[in-house]
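All values below come from the heavy atoms of this structure, side chains included, with hydrogens, waters and symmetry mates left out. Naming: A, B, ... by sequence-line order, numbering from 1 per chain.
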Amino acid sequence: MTDDDYGAIPEQARDRWRQLVSVINEARNAYYQHDAPTIADDEYDRAFRELLELEERYPQLQTGDSPSLSVGGRRAEMFAPVEHLVRMYSLDNAFTDDELEAWLQRVSKGAGQVGDFLCELKIDGLAVDAVYVDGRLRTLATRGDGRVGEDVTYNAAFIDAVPKVLSVAKGASVKQVPPLLEVRGEVFFPVAAFDRLNVEQLAMGASPFANPRNAAAGSLRQRIDRRQQDLAEAESKAGERGKSKVERLRKELDLAVGRLAELRFTVHGIGAIDGASIQRQSQGYTLLAALGLPTSERAKVVPDAAGVRAFIAHYGQHRHDVEHEIDGVVVKVDDLAVQAQLGETSRAPRWAIAYKYAPEVVRTRLLDIAVNVGRTGRVTPFAVMEPVRVAGSTVSMATLHNADEVVRKGVLIGDMVFLRKAGDVIPEVLGPVVEVRTGNERAFVMPTTCPNCGTALRPEKAGDKDIRCPNARSCPAQLRERLAHVGSRGAMDIEGLGDKSAAALLDCGLVQDEGDLFALTEQDLLRCPFFTREPSKGETGTQLSENAKAMLAQIDVARTRPLWRVLVALSIRHVGPTAAQTLARTYGSLRAIADAETAELSQVDGVGGVIAEAIREWFAVDWHRAVVEKWYANGVQLTEERVQTGPGLLDGLTIVITGSLPGFTRDSATAAVTDRGGKAAGSVSKKTDLVVAGESAGSKLDKALSLGVPVVGPDGFAALLESGLPAALANRTDGPQA
DNA sequence: CACCCTCGAGTTCA
DNA sequence: CTCGAGGGTG
């Protein structure tokens, strides 16, 4: 039983097809009408390929308006599709050393004798396919989907680095030029040319290219033919008036051609070849070089896995000493017989891998610096950037902390900026690429009034770097953020109460502030479309959505949360989980804390004059006290039994937990420590007694090792909770020192 | 009064 | 993760 021809088409497939068609058509329109792609090329290719596959399976889908029927559609008008003689595979990636080792293992298992490896740099450029017939360039095409690419032969004429005619070098081992030769390589801009190009782009008022790959693709895609036609046309009917137009067109053509001339080309593979036989990949390179094709001087044959590691390590150190940008190293099994033995998967050869260097710094355009108002009124500038892929995800925003920080980083709005992921997670703007400044950039000016409520901003205290919106009572941003904070994991932990629902509750007028939260009823929520859904069969009237019901249930459960969570939820300045826990433990009720003298409060460990005063001031505000009263009236528990904890197993110990531990969440692991009288600190210092490192532990582990703080794994953590520090230390994983 | 250690706050993307 | 800033110690 097959789905072919007359089988029913699953609804999913039809939906997906519609989705793909709209993505593709949209991308084509954007590209041809505005010359500005909405999606990345590989995304387009992926969508197109998926469409073809889908239509192959369900031919009924291929209606007359499918983009697949106009192969490349309008794209074909630009650059005709070219089928590669031999399919161009993509390469599997290794992002970590472990993945590299796994590949080395697989290779040695899959082949009896692997022999040499060929290591080469992975150039950040555009993969192309060149076909030479009788030594003459017949076609140059982009990689496309690996089977079919776009014909850019016309432009190839202007790329000096791509040989148009091959000839045999004197003294070469080959006797003659092969009658048919298909080579693969990378077209790229050297870093210096790339920077110049971006300066040019900016001068023309166009966006700079984010990376050399985009620049190479953009340059290769230029309609040189059309520009030439336009120029010829203008010249033929050039009156006095048309003269400036001719000049302009000529200048543009020169620029476009000049760009192509700056492209470099490095070959790194053979597709089809007639009239020559080779046994090794490296031998192939020698042959190509002998024919006058540009091969990399940096490719190196190494005898074993150790050689591979050394090559990778070397260029990891000297990444930026090369004239082009490198995103990694390609490792290939050199022996073609072994390559054949290992074979290919459906998408990539098993005999090669692309090792990608890990910590990435990319460039992108700083479009704007906007400001955000947080729950405490703090005004934080953040960078709004052209979305760019860095270290595994697409980033478009990054915090800039405060106005001083913007000045310190020296970035201007409109700058090209360096961006990285700090700790591989949090995007961080490093600074501007000053070389490509045009003078059109403008400095960021910190607003003086709140963008949300218009209140004049001011620092809380003289000398503070942060400036704040003092309108805590009615600034919409602060209200929303505070409300969402009540629901957050560190506070009352109400699932379903986040930014979105907080905004909805306020917009619909269901709450005036966080005080009304615990009085919410089903009837209330029904008045707000955000929390409702259409009635299904058999129901009458608008219904509460499942999410809304769940949120109400969570709000109900939250009424009996421990006192410290209530304290955190109130957003009292400087009172976070740690201070709240000591306060709750010391006083046992919110009333006692509200009534305490500042002198008394500041005796509490971790609470000093500033925090004590902040607490007193908070409770002195009428509407703050009203919040507490409303919560109390609606059943929120404001006291807790002071559990007399006997001497704990971990009394006086400071433990830092990093990474993920099997069987624990971050919170439950810290709770396990504090329950036993220990202190679960957030950062490692000399005072740390023990670091518990779980899966994928990060910089804290490094810090511990450098400070000589003992480190244990999950086993050690179990021992710690069971029988204390000495038992845990028996499980040290950092190489115990005496 | 330095300094170091912590905490709080804001924050990104899938 | 990073910055700012409070708390505590020498």
Side-chain angles (χ1 to χ4, degrees), chain A residues 359 362 364 370-385 387-409 419-430 459-469 472 477-478 480-482 484-485 488-491 498-499 564 567-583 598 601-615 654-656 658-659 670 674 679-689 697-703 707 709:
Chain A
V362 298
T364 188
V371 296
N372 186 40
V373 178
R375 89 181 139 97
T376 65
R378 192 163 98 178
V379 178
T380 318
F382 64 95
V384 180
M385 293 161 294
V388 63
R389 240 188 128 64
V390 51
S393 65
T394 305
V395 172
S396 60
M397 287 193 283
T399 181
L400 292 167
H401 300 289
N402 58 55
D404 278 21
E405 194 62 15
V406 177
V407 174
R408 180 145 55 127
K409 288 191 191 291
L419 176 77
R420 70 159 177 183
K421 288 236 200 116
D424 260 12
V425 182
I426 312 286
E428 180 189 10
V429 173
L430 295 170
E460 193 175 47
K461 280 194 299 81
D464 275 7
K465 296 213 161 164
D466 295 334
I467 61 168
R468 328 184 83 95
C469 168
Q478 289 188 60
R480 187 189 62 237
E481 295 292 316
R482 264 204 327 266
H485 168 69
S488 72
R489 273 224 322 268
D499 261 7
W564 70 265
L567 263 173
V568 171
L570 294 174
S571 287
I572 302 170
R573 297 275 295 127
H574 309 302
V575 178
T578 310
Q581 280 173 64
T582 16
L583 285 165
T598 51
L601 283 169
S602 53
Q603 291 311 299
V604 175
D605 189 38
V607 177
V610 176
I611 298 182
E613 188 56 27
I615 294 171
T654 302
I655 316 280
V656 173
T658 176
T670 47
T674 47
K679 215 172 138 184
S683 58
V684 181
S685 73
K686 282 184 290 187
K687 290 190 180 167
T688 310
D689 296 293
S699 60
K700 286 178 199 169
L701 178 55
D702 302 339
K703 183 97 186 270
L707 289 174
V709 175

Looking at every strand, decide which applies to His401(A) at a 4.0 Å heavy-atom threshold: base, sugar-phosphate, or nothing.
-> base

Distance in angstrom units between [X] [atom1] and [N] [atom2], rounded:
X	N	atom1	atom2	answer
Ile467(A)	dC3(C)	CD1	C1'	16 Å
Arg420(A)	dT12(B)	CZ	P	16 Å
Leu430(A)	dC3(C)	CG	C1'	15 Å
Arg378(A)	dC3(C)	CZ	C1'	8 Å
Arg468(A)	dA5(C)	CZ	P	9 Å
Leu400(A)	dG4(C)	CG	C1'	15 Å
Asp605(A)	dG6(C)	CG	P	17 Å
Gln478(A)	dG10(B)	CD	C1'	14 Å

Can you name the residues that form a salt bridge (charged side-chain N to carboxylate O under 4.0 Å, His left out) with [X], not counting sequence neighbours?
X	answer
Arg480(A)	none
Asp689(A)	none
Glu481(A)	none

Tell me whether the OP1 or OP2 atom of [N] has a side-chain N or O from [X] closer than 4.0 Å.
X	N	result
Asn402(A)	dG4(C)	yes
Arg375(A)	dA9(B)	yes
Asn372(A)	dT11(B)	yes
Thr376(A)	dG10(B)	yes
Thr380(A)	dC3(C)	no

Considering only distance and modelled atom types, tabulate donor-acceptor pairs under 3.5 Å from the side chains of residues 601-608 of chain A, sequence neighbours left out.
{"from": "Ser602(A)", "atom 1": "OG", "to": "Thr598(A)", "atom 2": "O", "distance (Å)": "3.1"}
{"from": "Ser602(A)", "atom 1": "OG", "to": "Ala599(A)", "atom 2": "O", "distance (Å)": "3.0"}

Looking at side-chain heavy atoms only, is the closest gap between Val395(A) and Thr364(A) below 4.5 Å?
no

From [options], nucleotide with atom closest to [X] side chain:
X	options	result
Lys465(A)	dC13(B), dG4(C), dT11(B)	dG4(C)
Ile611(A)	dT11(B), dG4(C), dG7(C)	dG7(C)
Pro577(A)	dG8(B), dA14(B), dG10(B)	dG8(B)
Glu405(A)	dG10(B), dG6(C), dC3(C)	dC3(C)
Asp466(A)	dG4(C), dA9(B), dT2(C)	dG4(C)

In this structure, CD of Gln478(A) is separated from OG1 of Thr376(A) (nearest 0.5 Å) by 7.0 Å

Rounded to the nearest 0.5 angstrom, the CG-NZ distance for Leu430(A) and Lys409(A) is 6.5 Å

Under 3.5 Å, side-chain donor or acceptor atoms of residues 568-575 of chain A against the rest of the protein: list the pairs with distances, not counting sequence neighbours.
{"from": "Ser571(A)", "atom 1": "OG", "to": "Arg375(A)", "atom 2": "NH1", "distance (Å)": "3.0"}
{"from": "Arg573(A)", "atom 1": "NE", "to": "Glu460(A)", "atom 2": "OE2", "distance (Å)": "2.7"}
{"from": "Arg573(A)", "atom 1": "NH2", "to": "Glu460(A)", "atom 2": "OE1", "distance (Å)": "2.7"}
{"from": "Arg573(A)", "atom 1": "NH2", "to": "Glu460(A)", "atom 2": "OE2", "distance (Å)": "3.4"}

List, with names and distances, any nitrogen or oxygen atoms from the protein found under 3.5 Å away from nitrogen or oxygen atoms belonging to nucleotides 2-6 of chain B.
{"from": "dT6(B)", "atom 1": "OP2", "to": "Ser685(A)", "atom 2": "OG", "distance (Å)": "2.8"}

